Amino acid sequence: MENIAQKQQKVITRFAPSPTGFLHIGGARTGLFNYLFAKQNGGIMILRIEDTDRERSKKEYENSIFEGLSWLGIKYDEFYYRQSERTALYQRHIEKMIEKGTAYISKEDGRDGKRSEVIRFKNPKTKISFEDIIRGKIEFDVSELGDFVIAKDIESPLYHLAVVVDDFEMGVTHIIRGEDGISNTPRQILIQEAIGAPRPRYAHIPLILAPDRSKLSKRHGAVSLLEFRDKGFVAPAIVNFLALLGWHPKDESEILSMSDLIAQFSLPDVQKGGAVFNMDKLRWINREYLERMSEVVFSEHAERFMPEDIKNAEGYSLKTLNKLRPLLLERISTFGDIRELAERGELLYFFSQPLYEKETLFWKGEGNPDSVREILRALSGMLDKIPPEEFGEEYIKQKIFPFAEEKGKGSVLWPMRVALSGLPKSPDPFTLAAFFGKDETLRRLAVAEKKL
RNA sequence: GGCCCCAUCGUCUAACGGCUAGGACAGCGCCCUUUCACGGCGUAAAUCGGGGUUCGAUUCCCCGUGGGGUCACCA
């Protein structure tokens, strides 16, 4: 066990969420910044669960913190604490403060009606100023804070007391937290001075805002971190995006891995103003990561988001899914988009014969059944001559294009494409034919012919 | 309202006090193209206002305006 003096030699940050709601996007970024700063300085990050409010703290919220951090790859150096398990420690400090006269028992009715006294801090009514790493000097006159309550009773510490005692006992050197913590700082510095704790360095990071610049909340859609996972965003993209909210590397690169971030992150350069959460940019970043994914990993993810009716289709297999990957990549930004594609009916035809009206086969309504049938028959004839092993996109195109140019590209390529997809919009007919292979392509062409 | 923080394109942001204020996302246009998507090229778009300091302010100072945070026996 290290003592405090040894600990002080290295950077110790802490991420201290309270489990009174699901870990949200803002909390995740605070955790990330603490992690990045600790790692780049060879230090450690402590995870501390601030559950002094027994009423509002919930196990499932606590779990969302662990699960969220681990999903993002934010590791907390094996320490973690729950404040609810440390009451004896707080009690010792409270007693010492009362003894020294920096706190006192105040006879008054408790708000819960069960108590007749609370513990108040004896306000020295001075001026407090501190140097914020991001914002520079911040000054407060603490007299207006009054003798604030630090504990409901000797065994029930409140937030400020618990925070200061823990940061002290854990040897925290740097407190990186949201901008909303600025106004808590003077109170906490006061308590530090009362218990003889050294003052850590502070860095208050800007808040994440909704598009209307108000505080981001549930009514603005997804804010819970794990919700993003469930919508098919990938963790490195979230990390990348979060890091770019309030910070930017020296060069103009936008795609940065966790280790890039550890190397390049700079706390003093973090932006001071609040940052609006931009879903479009997140989606763009996520897509960049999807493109960089290996085939195996991509398919694993894609499979999880594939609706049952698609997975049950006769032609569905891991092999066809892998073949579909490039086509999918052109159309999705998150894996959740797969569901939307499926809902719009733009997925099932890859795995089973589509149903469609024969009118869909007519190019801009100008074709008549006889001429379209003739074209389809001619196409089948040409495709039939291609050896199955040569049935690739380029080869097919080469064979068909002269004919299409002679008859009019739309009049040939549109019905061919519809015969394969059944839809007014889809990938081009060469891509589709190559995807389906010779047999299935000829089969679908025959089905279309019969329809006419 | 008191106290505190903040202010560059619509959004995220770059710019030792010194180039035509740069990039990305979104937008728009063109190209590619049978359609959709992808892609390529291009384009529009910002220093909140007013005073200082300075040879010169996006940058430093003051005032105003606007936005945000916080004012619990919540954290």
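Quick note on labels: first sequence line is chain A, next is B, and so on, each numbered from 1. Nothing here was measured: the structure is a model prediction, and the numbers come from that model.
Considering only the side chain of A:Arg135, B:rC5 comes nearest among B:rG69, B:rA75, B:rC5. Proximity note for A:Trp284 (side chain, C-beta onward) versus B:rU13, B:rA24, B:rC4: the nearest is B:rA24. For A:Val118, the listed nucleotide lying nearest its side chain is B:rC73; candidates were B:rC6, B:rC38, B:rC73. Closest approach to the A:Arg111 side chain among B:rC12, B:rA72, B:rA75 is made by B:rA72 (side chain taken as heavy atoms from C-beta onward). Here B:rC38 is the nucleotide among B:rC38, B:rC6, B:rU11 with the atom lying nearest to any side-chain atom of A:Glu330. Side-chain atoms of A:Leu245 lie closest to B:rC12 of the nucleotides B:rC12, B:rC73, B:rC38. Closest to the A:Phe140 side chain, of the nucleotides B:rU35, B:rC3, B:rU13, is B:rC3.
Remark: A:Ser183, A:Asn184 in residues 183-193 of chain A come within less than 4.0 Å of RNA chain B through at least one heavy atom. Of all the residues in residues 248-256 of chain A, A:His248, A:Glu252, A:Glu254 reach under 4.0 Å from RNA chain B with at least one non-hydrogen atom.
Between B:rG10 and B:rA44, the distance separating the two P atoms is 15 Å to the nearest Å. Comparing the C1' positions of B:rC28 and B:rG68 gives a spacing of 32 Å, expressed to the nearest Å. When the P atom is compared between B:rU47 and B:rU33, the two are found 41 Å apart, to the nearest whole Å. Using atom P as the reference point in both B:rC19 and B:rG39, the two lie 35 Å apart (nearest Å). When the C1' atom is compared between B:rG49 and B:rU58, the two are found 15 Å apart, to the nearest whole Å. With C1' as the reference atom, B:rC16 and B:rC5 are 27 Å apart, rounded to whole Å.
Two residues, A:Gly181 and A:Pro427, neighbour RNA chain B, and the one matched to the more 5' nucleotide by heavy-atom proximity is A:Pro427. Each of A:Glu144 and A:Pro211 has a nearest nucleotide on RNA chain B; the 5'-most of these lies closest to A:Glu144.
Residue A:Val163 comes nearest to A:Gln83 through the heavy atom pair N-NE2, 4.0 Å, listed as atom of the first residue, atom of the second, then distance. When all heavy atoms of A:Ile128 and A:Pro186 are compared, the closest pair comes out as CG2-CA, 4.4 Å.
Atoms CG and OH, on A:Leu158 and A:Tyr90 in that order, are 12.0 Å from each other to the nearest 0.5 Å. For the atom pair A:Arg283 CZ and A:Arg287 CZ, the distance stands at 10.5 Å (nearest 0.5 Å). Atoms NZ and OG, from A:Lys59 and A:Ser64 in turn, are 12.0 Å apart once rounded to the nearest 0.5 Å.
For A:Glu144, the salt bridge (Lys or Arg N to Asp or Glu O under 4.0 Å) test picks out no residue, with sequence neighbours left out.
The partner of B:rA21, taking Watson-Crick or G-U wobble pairs whose two distances both stay under 3.5 Å, does not exist in any strand shown. Nucleotide B:rU47 forms no Watson-Crick or G-U wobble pair with any nucleotide shown, as no partner meets the under 3.5 Å limit on both distances. Across all strands shown, B:rA37 has no partner, as no Watson-Crick or G-U wobble contact with both distances under 3.5 Å is found.
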Check: protein-nucleotides 29-33 of chain B nitrogen or oxygen pairs below 3.5 Å:
none

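Residue pairs meeting the salt bridge (charged side-chain N to carboxylate O under 4.0 Å, His left out) criterion with at least one member in residues 254-270 of chain A, sequence neighbours excluded: A:Lys250-A:Asp269, A:Glu254-A:Lys281.
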Donor-acceptor contacts, no H, no angles, side chain residues 343-361 of chain A, under 3.5 Å, sequence neighbours left out:
from, atom 1, to, atom 2, distance (Å)
A:Arg344, NE, A:Glu346, OE2, 3.1
A:Thr360, OG1, A:Glu357, O, 3.0

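A donor-acceptor contact under 3.5 Å links the side chain of A:Arg331 to the base of B:rC36.
A heavy-atom distance below 4.5 Å is not found between the side chains of A:Val372 and A:Trp363.
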